[in-house]
Colleague: 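My structure is below; once you've seen it, I'll send some questions.
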2 protein chains.
Amino acid sequence: MAEESNKLQELSIDCVIFGFEDHQLKILLYQRAIEPEMDQWALPGGFIKIDEDLDRSASRILKEVTGVNNIYMQQINAFGAVNRYPQKRVITIGFYALINPGNYNIVPGVGAKAAQWFDIAQIPVLSFDHNEIYLYALNILRKKVRYEPIGFELLPEKFTLTLIQRLYEAVLGIEFDVRNFRKKLLKMNLLIKLPEKQEGVAHRAANLYKFDKKIYNELKGKGFMFDL
Amino acid sequence: MAEESNKLQELSIDCVIFGFEDHQLKILLYQRAIEPEMDQWALPGGFIKIDEDLDRSASRILKEVTGVNNIYMQQINAFGAVNRYPQKRVITIGFYALINPGNYNIVPGVGAKAAQWFDIAQIPVLSFDHNEIYLYALNILRKKVRYEPIGFELLPEKFTLTLIQRLYEAVLGIEFDVRNFRKKLLKMNLLIKLPEKQEGVAHRAANLYKFDKKIYNELKGKGFMFDL
DNA sequence: TCAAAAGTGTTTGCAATACACCCATGC
DNA sequence: GCATGGGTGTATTGCAAACACTTTTGA
C-alpha cells in the first residue's frame with residue numbers, strides 16, 4: 001500500500017445461488033423493493049459492514065434478503081467498473097454457492113418484494129451488472145464441474161444415477177451416454193450403492209446412491225478430468 | 001443491494017507478479033519506505049482511486065511501485081479479514097500476472113526503498129496478510145498450469161524444450177520424464193520448431209522453439225489436462 | 001577425450017468411445 | 001400388456017507410463 005486513497009468507496013456483495021430442481025439448473029433471485037432499480041429482479045446482495053469478514057457478510061446478506069441460511073459460499077470475483085452502480089462508486093464482490101432448493105425455505109426479506117428460483121434458460125434482465133456476474137459464476141461452475149466433484153450440495157442425500165446424470169447435463173448443457181457416464185462415475189468410488197430403491201414410480205425402480213464423503217473431499221483437493 | 005452501508009471502508013489492490021529466471025520461479029516484491037510496516041517486504045500494492053476501473057488501477061499501482069509497465073493482470077480474490085490491516089478496515093483485491101523478468105526493468109518507485117525478484121523457495125515474512133495472498137496466487141497458478149497452457153508470458157520468445165520443462169517443474173515442484181514430457185507437449189501442436197539452435201553452450205546445442213499463438217489461444221479457451 | 005546436456009522408441013496397461021437390447025414396475 | 005425409464009457388456013482405439021542409450025558440442 002504505497003499511497004493513500006483520495007476518496008472512499010463502498011463495497012457490496014452479490015450472491016449467485018445455484019440450485020437443481022425438476023432436472024433444471026436454477027438460480028435464486030429477488031425482486032427489489034427499494035430504489036435504485038425498484039421492482040427489477042436482481043442477485044441477492046447488500047453492503048459489507050465495517051466490522052464483518054467477507055464470508056460472514058455474504059451469509060448475512062443472503063439470509064436477510066431471501067431467508068436462506070447457513071450455506072457455504074465461495075468468492076468468485078470483484079466487479080468494479082466505475083459506472084456499474086448509479087450515483088456512487090460501488091465495487092461488488094461476487095459469491096456463489098450450490099444448494100438443494102428442497103432443503104431451504106425461501107422468504108423474501110429486507111428490501112425484497114419477492115424471491116424465487118429461475119431456470120437458467122430463462123433469466124430475465126437483472127439490475128446493474130448482475131447478468132454479467134451471473135454469467136461469470138455459471139462459467140466458473142462449468143469449469144469446476146470438469147475438475148472436481150459437484151453434486152453433494154445440489155442433490156438430495158439419496159439419489160439415483162439418472163438424477164446425477166441429469167445434473168451434469170443441466171450444468172453443461174450437453175447429453176451423455178448412459179453406460180459410459182455410469183462406468184466413469186462408479187469407477188471413481190465416489191458413490192455408495194444403498195440397499196434401497198425408488199418408491200412410487202411408474203416404471204422399474206432405480207437404485208439409490210449416496211456420496212462417500214471422504215472420497216468426495218479427497219477428489220475436491222486432487223481434481224480429476226470429467227471428459228464425457 | 002438491499003440496505004445502505006453504515007460506514008465506508010477502503011479498498012486496495014495487491015499484485016503477485018510471477019517470473020521465471022535461472023530455472024526458478026520468482027515473485028516481485030518491494031520494500032516499504034513508509035508506515036505502516038516500514039522496511040518490510042511486501043507485494044506491490046496501493047489504493048484504488050474512485051474513478052478507476054479495477055484492472056487499470058492494478059496496472060497503475062504496479063507501475064508506480066516497481067516500474068513494471070504494461071502487463072496483463074488477472075484478478076484472483078478479495079481478502080477482507082476485519083483486522084488484516086492496522087488501524088482501519090481495508091479490503092484488498094489480489095491480482096496476479098506472469099512475466100518474463102528479462103523484459104522488464106525494475107525501478108523502485110512511490111513508497112518503495114527497493115524492488116526485486118525473490119525465488120519462491122525463499123519468500124520472507126511479508127507485510128499484513130501478503131504471505132496468504134501470495135500462497136493463494138501460487139495455488140491458482142499450480143491449478144491453472146494443468147488445465148491450460150502457460151509459458152508464453154514467462155519464457156523468452158525462443159526457448160528450448162528443456163527450458164519449458166524446467167518451467168513446469170519449477171511451478172509444480174515435481175520432475176518429469178524427458179521423453180514423455182516432450183511427446184505430450186509436441187502432440188498439442190502448440191510449439192513451432194525453429195530452424196535455429198542454441199549458441200555458445202558447452203554441450204550439444206538444443207533446438208529452439210516458439211509458441212504457435214493461434215493454438216495457444218485456442219487451448220486457453222478449451223482447456224486440457226496436463227497429467228505428467 | 002571428457003563432460004554435459006540433447007535427443008529419441010517401444011512396450012504395456014488402462015481408459016475413452018461407440019453402440020443395442022432386456023428388465024422391472026405401475027397402470 | 002404396454003409404456004416408461006432402469007440397467008447392463010464388448011470391441012476398438014488411443015493415450016499414459018515406464019524405461020536407457022546414443023549424439024553433439026565445447027573445453
Side-chain angles (χ1 to χ4, degrees), chain A residues 20 22-24 145-149 155-156 158-170 172 174-210 215 219 222-228, chain B residues 22-24 145-147 149 155-156 158-170 172 174-210 215 219 222-228:
Chain A
F20 182 62
D22 306 326
H23 291 192
Q24 289 173 327
V145 82
R146 308 186 62 218
Y147 304 134
E148 54 179 69
L155 295 171
K158 301 169 182 181
F159 51 85
T160 65
L161 293 180
T162 300
L163 191 66
I164 191 170
Q165 181 171 347
R166 296 286 171 268
L167 168 61
Y168 273 78
E169 291 173 339
L172 292 173
I174 51 178
E175 295 193 355
F176 297 123
D177 176 88
V178 189
R179 283 163 294 189
N180 293 339
F181 184 89
R182 288 172 179 227
K183 248 183 298 181
K184 179 136 192 173
L185 204 56
L186 292 173
K187 186 157 40 65
M188 294 179 189
N189 288 320
L190 187 59
L191 299 183
I192 297 172
K193 187 173 184 170
L194 298 170
E196 294 175 61
K197 291 186 186 298
Q198 269 182 318
E199 282 173 20
V201 287
H203 53 76
R204 178 171 175 178
N207 218 301
L208 293 172
Y209 289 78
K210 65 172 184 176
I215 297 189
L219 286 176
K222 227 175 34 170
F224 60 80
M225 192 69 165
F226 204 89
D227 249 340
L228 291 173
Chain B
D22 305 325
H23 290 193
Q24 289 173 327
V145 83
R146 307 187 61 219
Y147 304 135
L155 294 171
K158 301 169 182 183
F159 50 87
T160 64
L161 293 181
T162 299
L163 191 65
I164 191 170
Q165 180 171 348
R166 296 286 171 265
L167 168 60
Y168 273 80
E169 290 173 340
L172 292 172
I174 52 179
E175 296 194 352
F176 297 122
D177 176 89
V178 189
R179 282 163 294 188
N180 292 339
F181 185 89
R182 287 170 179 226
K183 249 183 295 179
K184 178 135 189 172
L185 204 57
L186 293 173
K187 185 156 44 63
M188 294 179 190
N189 288 318
L190 186 61
L191 300 183
I192 297 171
K193 186 173 185 170
L194 297 169
E196 294 176 60
K197 291 187 186 298
Q198 268 182 318
E199 282 173 21
V201 287
H203 53 76
R204 177 170 174 180
N207 217 302
L208 292 172
Y209 289 77
K210 65 171 184 176
I215 296 188
L219 285 176
K222 227 177 32 175
F224 62 80
M225 191 70 165
F226 205 88
D227 251 338
L228 289 173

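Scope of the values below: all heavy atoms of this structure, side chains included, with no hydrogens, waters or symmetry mates. Lettering follows sequence order; numbering is per chain, from 1.
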Colleague: Just wondering, do A:Ile164 and A:Arg182 contact through their side chains at under 4.5 Å, heavy atoms?
Modeller: no

Colleague: With 3.5 Å as the limit, what N/O pairs link the protein to nucleotides 8-14 of chain C?
Modeller:
from   : atom 1 : to       : atom 2 : distance (Å)
C:dT10 : O4     : B:Lys183 : NZ     : 2.8

Colleague: Between C1' on D:dC15 and NZ on B:Lys187, what's the gap in Å once rounded to a whole number?
Modeller: 6 Å

Colleague: Starting at atom CG of A:Leu186, determine the distance to atom P of C:dA15, rounded to an integer number of angstrom.
Modeller: 14 Å

Colleague: In whole angstroms, how far is the P atom of C:dA6 from the CZ atom of B:Phe181?
Modeller: 13 Å

Colleague: May I ask you to decide if A:Arg179's main-chain N or O and A:Asp177's side chain share a donor-acceptor pair within less than 3.5 Å?
Modeller: yes

Colleague: Tell me every residue that passes side chain to side chain contact (heavy atoms under 4.5 Å, CB included) with B:Glu169, counting only those two or more places apart in sequence or in another chain.
Modeller: B:Gln165, B:Arg166, B:Glu175, B:Phe176

Colleague: Looking at residues at least two apart in the chain, or sitting in another chain, which of them share a salt bridge (charged side-chain N to carboxylate O under 4.0 Å, His left out) with B:Glu196?
Modeller: B:Lys158

Colleague: Enter the inter-axis angle for the ends of the helix from C:dT1-D:dA27 to C:dC27-D:dG1 (five pairs per end, rounded to 10°).
Modeller: 0°

Colleague: Let me confirm one number: the CG-NZ distance from A:Leu161 to A:Lys193, rounded to the nearest 0.5 Å.
Modeller: 8.5 Å

Colleague: To the nearest Å, how far apart are A:Tyr209 OH and D:dG6 P?
Modeller: 12 Å

Colleague: Write down the distance between NE2 (B:His23) and P (C:dA4), rounded to a whole number of angstrom.
Modeller: 15 Å

Colleague: CG of B:Leu185 versus C1' of D:dA17: gap in Å, rounded?
Modeller: 17 Å

Colleague: OP1 or OP2 of D:dG6 less than 4.0 angstrom from a side-chain nitrogen or oxygen of A:Thr162, does that happen here?
Modeller: yes

Colleague: Mark up nucleotides 22-27 of chain C, 5' to 3', with B wherever a protein heavy atom is under 4.0 angstrom from a base atom, S wherever such an atom reaches only the sugar-phosphate, and - elsewhere.
Modeller: -BBBS-

Colleague: Kindly give the heavy-atom pair with the smallest separation between A:Tyr168 and A:Val145, and that separation in Å.
Modeller: CE2-CG2, 3.5 Å

Colleague: Mind checking the NE2-CG spacing from B:His23 to B:Leu167? Nearest 0.5 Å is all I need.
Modeller: 10.0 Å

Colleague: Can you find a heavy atom in the side chain of A:Leu194 that is under 4.5 Å from one in the side chain of A:Lys210?
Modeller: yes

Colleague: Give me the one residue out of B:Ile192, B:Leu190, B:Leu191 that meets side-chain contact (heavy atoms from CB on, under 4.5 Å) with B:Ile215.
Modeller: B:Leu190

Colleague: Starting at atom CD of B:Glu196, determine the distance to atom C1' of C:dA6, rounded to an integer number of angstrom.
Modeller: 17 Å

Colleague: In whole angstroms, how far is the C1' atom of D:dT8 from the CG atom of A:Leu161?
Modeller: 12 Å

Colleague: Between A:Lys184 and C:dA15, is there a contact of a side-chain N or O with OP1 or OP2 at under 4.0 Å?
Modeller: no

Colleague: Throw together a table of side-chain donor-acceptor distances under 3.5 angstrom for residues 198-209 of chain B, partners on residues two or more places apart or in other chains.
Modeller:
from     : atom 1 : to       : atom 2 : distance (Å)
B:Gln198 : OE1    : B:Ala206 : N      : 3.0

Colleague: Would you check, one step at a time, whether the test side chain to side chain contact (heavy atoms under 4.5 Å, CB included) holds for A:Val178 with A:Lys183?
Modeller: CA-CA 9 Å; A:Val178 189; A:Lys183 248 183 298 181; over 6 Å; no

